[in-house]
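Bear in mind the structure is a predicted one, so any value in this text is a computation, not a measurement. Throughout, a chain's letter reflects where its sequence line sits, starting with A, and its residues are numbered from 1.
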Amino acid sequence: MKEEKEEEILKDKKKNIEEETALFARVEEFLQVFRKNAEFTQDVLKENEKLRFKVVQLEGEVSRLKDILNSHDPNAELRKKINELEQGISQMLDKFRQVEDENRTFAQRYIEIEEENNNLANLYIASYQLHSTLDFKDVLQIIMEIIINLIGAEEFGILLLDEKAKDLRAVSAEGIERDIFPAFKLGSGIIGNVAQSGESYFKDKIPDIIKLDFHNPLVCIPLKIKDKIIGVIVVYKLLQQKKAFTSLDNELFTLLAGHAATAIFSSKLYSESERKLTTIQSFIDLLAK
Amino acid sequence: MPEYKLLIVEDSPTMRQLIIFALKRLRNIKFTEADDGVDGLKKLSQDIYNLIITDINMPVMDGLKLVSLIRKDALHKDIPVVIITTEGGKEDRERAITLGANAYLTKPIQAPQVLKVVKELLKIE
């Protein structure tokens with residue numbers, strides 16, 4: 001019985017040992033699994049750490065690339081360029097308008113100067129011609145040419161003052177027979193008054209049809225040497241293409257008033273002196289014989 | 001640049017001076033002056049001209065007679081002729097153009113007007 005009990009105890013012990021051994025084996029197995037898991041976890045953690053580092057690196061790279069992209073944004077560059085160009089264009093347009101205005105002013109000024117230049121040339125040529133001779137007839141002819149060609153008169157006359165008779169008589173005429181000119185009393189009528197006052201006369205309006213009236217001219221200009229009046233120029237009719245007087249005509253009339261008078265006076269004095277010289281020379285020749 | 005020779009037939013020295021002044025700004029132009037139609041023909045017999053400017057009313061021979069003679073002359077018939085005259089009537093203009101004048105200007109002349117006509121006839125830019 002005892003032996004049976006002992007054997008049973010032994011059996012139990014053996015069973016326990018076997019169970020313990022199996023348990024140990026299972027624990028060992030579990031530990032191995034656990035160790036493997038631990039190693040795996042460590043590997044995963046290491047990998048995780050590596051990945052995090054990589055993520056941080058990539059985030060930095062992304063940020064840097066964004067900055068680069070922003071700094072090299074082609075649209076921004078273009079917008080900037082467009083703004084600059086628009087400003088440039090605006091400035092250019094302002095400048096262009098200024099230049100255009102200046103050009104217009106210069107063009108207008110050019111026309112004015114050109115006209116002034118032509119007027120001065122006409123005056124110069126007229127003046128030059130007037131003083132180019134001391135022959136009385138030539139001087140009268142030049143005055144006539146100026147009145148025809150530069151002013152555009154068709155019917156007119158040059159009248160000189162007879163100091164003794166106190167009247168004005170025609171010495172030259174165009175478009176009208178000189179001999180049919182009447183004598184104009186100094187101080188009487190338009191012509192006589194111009195010769196007395198020294199003030200030019202211009203008819204207010206040039207009529208379309210003109211009938212010759214010796215006492216009613218279109219224009220009457222005194223021929224003056226300082227304040228001394230030696231005669232007048234009277235214009236009765238203009239050439240058919242000449243419809244009105246211009247500023248140049250006024251200048252030419254002013255020029256004629258002074259220069260034509262001087263030229264006429266000088267040529268008359270010269271002719272008289274020549275005549276006297278011839279007379280004196282003849283007298284001397286006679287005495288010498 | 002070619003040299004142009006211009007003959008100005010005009011009895012008034014004042015007008016001749018004015019025409020020369022008006023055309024002086026054209027470079028390479030040589031002017032020859034004649035007092036009337038006969039003098040003009042004489043000058044034509046001595047040289048070949050590129051253009052003739054003539055008045056109508058002149059002593060000895062008028063401008064219209066001169067134009068008709070030029071147009072009948074084989075050597076000079078193609079020379080352009082500009083008339084500058086006091087005659088502003090339509091008939092005068094038509095008569096001159098019929099006789100062979102290329103341009104007809106009336107006095108008093110404007111320098112730019114003369115310059116324009118001459119430049120056109122000489123084909124100067």
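For B:R16, no part lies near chain A; criterion is any non-hydrogen pair under 4.5 Å. Residue contact with chain B, scored on non-hydrogen atoms closer than 4.5 Å, involves the side chain of A:L239 exclusively. Residue A:L248 does not touch chain B at all, counting heavy-atom pairs closer than 4.5 Å. Neither the backbone nor the side chain of A:E115 comes within contact range of chain B; no heavy atoms are under 4.5 Å apart. Of the two parts of B:I84, neither the backbone nor the side chain holds a non-hydrogen atom closer than 4.5 Å to a non-hydrogen atom of chain A.
For A:K166, the NZ atom is loosely surrounded, since the number of other residues' heavy atoms within 6.0 Å does not exceed 12. By the neighbour-count criterion of 12 heavy atoms within 6.0 Å, atom NZ of B:K43 is densely surrounded, having more than that number from other residues, nucleotides or ligands. The neighbour count for B:R95 CZ, taken as heavy atoms of other residues, nucleotides or ligands under 6.0 Å away, does not exceed 12. Other residues, nucleotides and ligands contribute over 12 non-hydrogen atoms within 6.0 Å of the CD atom of B:Q46. Within a 6.0 Å sphere centred on CZ of A:F202, other residues, nucleotides and ligands contribute more than 12 heavy atoms. The environment of OH in A:Y270 is sparse: at most 12 heavy-atom neighbours from other residues, nucleotides or ligands sit within 6.0 Å.
The side-chain heavy atoms of B:P108 and A:L150, taken from C-beta on, include no pair separated by under 4.5 Å. The closest side-chain heavy-atom distance from B:M15 to A:E145 is not below 4.5 Å. A:N118 has its side chain within reach of B:F21: a pair of non-hydrogen atoms, C-beta onward, lies under 4.5 Å apart.
A:Q241 places no side-chain N or O within donor-acceptor distance of the main-chain N or O of B:T106, the cut-off being under 3.5 Å.
Per-residue heavy-atom pair counts under 4.5 Å with chain B were compared for A:A121, A:A153, A:A126, A:S132, and the maximum is reached by A:A121.
The distance from the OG atom of B:S12 to the CD atom of A:Q129 is 7.0 Å, given to the nearest 0.5 Å. From A:T246, atom OG1 reaches atom CD of B:Q110 across 7.0 Å, with rounding to the nearest 0.5 Å. To the nearest 0.5 Å, atom CD1 of residue B:I109 and atom CG of residue A:N149 are 8.0 Å apart. A:I148 contributes atom CD1, which lies 9.5 Å from atom CG of B:N57 (distance to the nearest 0.5 angstrom). Put simply, CG on A:N117 and CZ on B:R25 are 6.0 Å apart, with the number rounded to the nearest 0.5 Å.
Pairing each heavy atom of B:G89 with each of A:Q240, the nearest pair is N-NE2, 3.1 Å.
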